[in-house]
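Below: the structure, in structure tokens.
Within every chain, numbering begins at 1; the chains are lettered A, B, ... in the order of the sequence lines, protein sequences first and strands thereafter. All figures in this text were calculated on a predicted structure; none of them were measured in a lab.
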Amino acid sequence: MKKKYIRKISDYVVAGGIGALVIAGMQGCEKKSDENAFQEASQVKGAFVVIEQMENDGYTIVEEYPSATTRVVVREKDGTERILSKAEMDKLVADEAIKIDNGTSSLTEPSMSSGAPGLGSILLSSVAGAMLGSYIGNKLFNNQNYQSQRRTNYKTPQAYSKSNDSFKKARSGGMKSGTKKKSGFFGSKSKTRSRSLFGFGG
Amino acid sequence: MVDLEKVKPLTGEFLESIGFYWHTDEDKSPYIADELVKVTQEEADAYYEATNEIYDMFVEAGEFVMENDLLHEIGVPFNVIEMVKQSWDNDVNWHLYGRFDLAGGLDGKQIKLIEFNADTPTALFETAIVQWALLKVNGMEDRLQFNNLYEAIKENFKRLVVMGGDTEDFSKNYDGWKILFSSVRGSIEDENTTKLLQSAANEAGFGTDFAFADEVEFDGEEGIFKGEENFEYWFKLIPWENIGIDEGDLALILREITENQKAIILNPAYTLMFQSKAFMKILWDLYPNHPLLLETSYEPLEEKKQVEKRVFGREGANTVILDEKNHVMAQEEGEYENFAPVYQEYVELNTDADGQSYQAGVFYAYEACGLGFRKGGLILNNYSKFVGHLINN
């Protein structure tokens, strides 16, 4: 039961996938049809990625989480944040695909790297990019350079391993055949109320 | 005087887009205040230190309650007592999160513990997300808030697996145990608070699912199921005392399940002991006159302004404020009169220019990790408002 205090007040707060919704909502680009922010929270179909511009104008991946839809936040050097639109992402992926074909992408040809990775190659290093760019997937995923290069495009090794943890979810479901299961508890409590059934003191 | 900064409020439409539907109270007034409490860095640090210190005292006092068999005395329903003991004895029962309600902390007023909502604390969404969004929308720097609540809970989920070890080792040690999240059908606040926690667990790397409590299937020998799928963890945003009192059969099955080690339940049953307001009396016995504590007794205090509460009351219900001569100064009716009373020394909350009272809520997930405020009259009831904060020296 002994606890140790390991961290002080955080320097930066990213409220996970919900943080992306907040930023998206602020910019008015969230569809109103998104009736429940948590719908299918457990069904990973996309990724929430925070990309940060570095001092040398290159980009790096700071955070990455699974989420129901793909959203990429870009934080520029001056502190402004924006969400990449689908069209922007598609264009970045398409442009990078051309570079890959020409052998000029730093993702597959590290020797072509000019030092500061551009937004397109960083996006494709992220899980989100890999999902968006699945049509060029074979060009990338079978490329050894891409695999080793990806890791270096994360700001810290922790950011990379955290990202890998999040996406590596086990899905082994235990089956059972028994018949003694009981259910229906708290079914009768159902009076509809917008606030908590148990109050804030709880 | 509580110092406030007026801000542009978040619209209902925006709040709903992020899943926060309970933005308007029944009297149509906004639940989220359009101002932020200005807190200095030193005040934020003091809330952090005090909360960590109080939690340590809770752990020590919890050990004392166990050794001296005081669970019945502090009002824990008889049919969950065994689960409380068993959960305390086994470290796999990790306390995910709780919220301390504190008086003082601003304007040089001493911080005092009012109570610990250790089992099913609400105001999680407001503290972790909404007040942060207020900073964002108002173009304020988001590091100017004592708030790494969401991240801290994510880290604490990982500790279910790594325990005292390094959370970086989560993926090495995770062998696929899944968490089923449940709330009682009929409250969008409970449902989305639960789903916010589910998102945090998901992002931590757990396999998860959600089911309303009435859909979950329980089997003493086999464990906890949604449909045919077995879950090793069950998170329930349902107070343990309600399980004991309203659903005695469920309490029995859960006891069997935990004894057979077929599932781990979150928050653990021992949080009910922390939640009992009678626990405050135990603390006072063990740490008399501690500056962070208020004198608390099972009997009315002599010649003191005091608050009479019920051991498991909520939302200020069944709370009476008595003056030095035991005259009633303020009173809230409620449904908790069957629980035993405790008497806690009265402490004045910080107030603003309009005479509104402010109570700090500091979340704890392995350490203190997020601050928010609740504003209202003398007794904070279900019409009290949530007020975010801003660190501003």
Could you point out which residue of Val216(B), Asp214(B), Asn242(B) forms a side-chain contact (heavy atoms from CB on, under 4.5 Å) with Phe186(A)?
-> Asn242(B)
Start with the C-alpha gap between Phe185(A) and Ile238(B), add the side-chain angles, then the distance that decides, and say whether side-chain contact (heavy atoms from CB on, under 4.5 Å) holds.
-> CA-CA 11 Å; Phe185(A) 295 110; Ile238(B) 305 166; over 6 Å; no
Chain A contact via Ile253(B) - side chain, backbone, both or neither, heavy atoms under 4.5 Å | side chain
Over 12 foreign heavy atoms within 6.0 Å of NZ, Lys77(A) | yes
Is it the side chain or the backbone of Ile243(B) that comes within 4.5 Å of chain A heavy atoms, both, or neither?
-> both
Check whether any side-chain N or O of Glu222(B) sits under 3.5 Å from a backbone N or O of Lys181(A) as a donor-acceptor pair, and report yes or no.
-> no
Region of Asp25(B) in contact with chain A, defined by heavy-atom distances below 4.5 Å = side chain
Are more than 12 heavy atoms from other residues, nucleotides or ligands located less than 6.0 Å from atom NZ of Lys99(A)?
-> no
Ranking Glu221(B), Glu141(B), Glu217(B) by heavy-atom pairs under 4.5 Å to chain A gives rank one to Glu217(B)
